[in-house]
Amino acid sequence: MITARPSVPSQPVRRAGIVGLGMSVPDLVVSNYDLEKRVDTSAEWIRTRTGIQERRIAGDSITTSMLGTQAALNALRDADISSQSVDAIICATTSGDYLWPSTACLIQQGIGANPICAFDVAAACSGFVYALDLGAQYIESGRAETVLVVGADTLTKQLNWEDRSTCVLFGDGAAAVILRSCNPDEGLLATSLGADGGGSELIWIPAGGTKTPISHCVLDKKLNTIQMRGPEVYKFAVKVMGEVAIDALSRCGLTCADVDLLIPHQANIRIIQSAAERMGLCQDRVFINVERYGNTSAASVPIALSEAVKAGRIQHGDIVVLVGFGAGLTWGANVIRWSRDESDCRKTDSTTGGLE
Ligand code: ACO
């Protein structure tokens, strides 16, 4: 397990704080009732087993980079910062528009940024937690003054719509944050990250990469779509979410009792509730929006963070824990002491959604 920013006594001189947030989701809402008309499932099964009631679907005309670009523009507006001020762009995604170039490069062009450093991070649903840690290191080291971190995915384009055990779970979206240096006792205090390639086949897309390129056989067998051993992923998720959050908290001398708000990866409400229970957190200290978006992969945690801020659930000084898990297997948690004074911030639509 990689840990970053070890405990408070060896604080870096600079810390990274979030100064702007934005999100973007497609307009098309697909409810469980819509799905039960086209898939062998029931709205009730989906709701009771996952907590999901509806999700946003990008369709053919909206790409991951379009959602990421709009989320980034919304975050820049929220921070009142010009795209010309951005020094680095990190995009967490595993459903980029192309195998390459990276989605971060497309976002760089989309927001009209200078020809700066831009790259993607592939850690599936843990991607944003990984990318936030990387972005913070650019700020802490003094390599950058302003970093844009985006989580964007359109996994519904990678689904087998005849596989009811996966196609009901996912949705599309993006969200972004702007990082700048903040007071040394605020911002991103600690991160804990982990990965176990031994579980790579628990949730994966077996073909379409260089090992098994696209072929007629691959397409016939739908091996270019998400395959998942759900119950095994479930058990892994419940265990690792609590563990990694507690580890990250301990890295900065905190415990679960210090947590004001947990922002978990929104894959399944039962996974979230079990993890919260293991951490001893009551429901009012956990943010949940899985019912409206389903699992948006790398966008899930930052969309939840954006909505939590918009809903007034986070105040200056609060301890906020972001925690994710996903394919790889990967997992991670960030501990943030909220550095922005929300009462001073402009309340615009920039933290909500809607691809403009
Ligand atoms: N509708 C109706 N029945 C279904 C559906 C569906 N959509 N999907 C599965 N079932 C059936 C199964 O076929 C099974 O039937 P059987 O008992 O006759 O064989 C039954 O429901 C129970 O299946 P389980 O898989 O045991 O159901 P479970 O309660 O475990 O819920 C679920 C399944 C929701 C997939 C759960 O295991 C889960 O959430 N797992 C974690 C998935 C996850 O988080 N993935 C994202 C990883 S993040 C990333 O990187 C992308």
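Counting starts at 1 for both ligands and their atoms, following the listed order. This structure is a prediction, so every number in the text was calculated from the model and none was measured.
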Mark up the atoms of ligand 1 that fall under 4.0 Å of a heavy atom belonging to [X], in ascending order.
X: R270; value: 28 (P), 29 (O), 31 (O)
X: F170; value: 51 (C)
X: T50; value: 34 (C)
X: V168; value: 7 (N)
X: A124; value: 50 (O)
X: I203; value: 46 (C), 47 (C), 49 (C), 51 (C)
X: V233; value: 41 (C), 43 (C), 45 (N), 47 (C)
X: N295; value: 46 (C), 48 (S)

Quiz item: Which atom names give the shortest non-hydrogen contact between S306 and G22, and what distance separates them?
Solution: OG-O, 3.8 Å
Quiz item: Does N268 approach ligand 1 within less than 4.0 angstrom via side chain, backbone, both or neither, non-hydrogen atoms only?
Solution: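 Contact part for N268 vs ligand 1: side chain (C-beta onward).
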Quiz item: Quick one: do E277 and R270 make a salt bridge, cutoff under 4.0 Å?
Solution: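 No.
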Quiz prompt | Carboxylate-amine/guanidinium contact R47 E44, below 4.0 Å | solution =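 Result for this pair is yes, salt bridge flagged.
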Quiz item: Going by heavy atoms in the side chains, are R278 and V238 under 4.5 Å from each other?
Solution: yes
Quiz item: Does the side chain of R180 reach to within under 4.5 Å of the side chain of I81, using non-hydrogen atoms?
Solution: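 Yes, at least one pair of side-chain atoms sits under 4.5 Å.
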Quiz item: Under 4.0 Å from atom 19 (O) of ligand 1, do we find at least one protein heavy atom?
Solution: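 No; the ligand atom in question lacks any protein heavy-atom contact below 4.0 Å.
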What protein heavy atom is closest to [atom], reported as residue, atom name and distance in Å?
atom: atom 25 (O) of ligand 1; result: P231 CG, 3.5 Å
atom: atom 15 (O) of ligand 1; result: R164 NH2, 4.3 Å
atom: atom 49 (C) of ligand 1; result: C125 SG, 2.6 Å
atom: atom 50 (O) of ligand 1; result: A327 N, 2.7 Å

Quiz item: For the residue pair F119 and Y138, does the interplanar ring angle fall in the parallel (under 30°), tilted (30 to 60°) or perpendicular (over 60°) class?
Solution: tilted
Quiz item: Can you tell me if E36 uses its side chain to pair, donor with acceptor, with the backbone of D34 under 3.5 Å?
Solution: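 Such a contact is absent between E36 side chain and D34 backbone.
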Quiz item: Are any of the N or O atoms of T41 closer than 3.5 Å to those of ligand 1?
Solution: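 It does: an N or O of T41 is found under 3.5 Å from an N or O of ligand 1.
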Quiz prompt | The one among F325, Y234, W45 that brings a heavy atom closest to atom 2 (C) of ligand 1 | solution = W45
Quiz item: Heavy-atom distance to atom 37 (O) of ligand 1: which of G230, A267, S95 wins?
Solution: G230
Practice problem: Return yes when atom CD of Q109 has more than 12 non-hydrogen atoms of other residues, nucleotides or ligands closer than 6.0 Å, and no otherwise. | Solution: no
Quiz item: Just wondering, more than 12 heavy atoms not from K157 lying within 6.0 Å of its NZ?
Solution: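 Buried by this count: over 12 neighbours within 6.0 Å.
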Quiz item: Are Q137 and D133 linked by a side-chain donor-acceptor pair shorter than 3.5 Å?
Solution: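 Looking only at side-chain atoms, D133 and Q137 do form a donor-acceptor pair, the distance falling under 3.5 Å.
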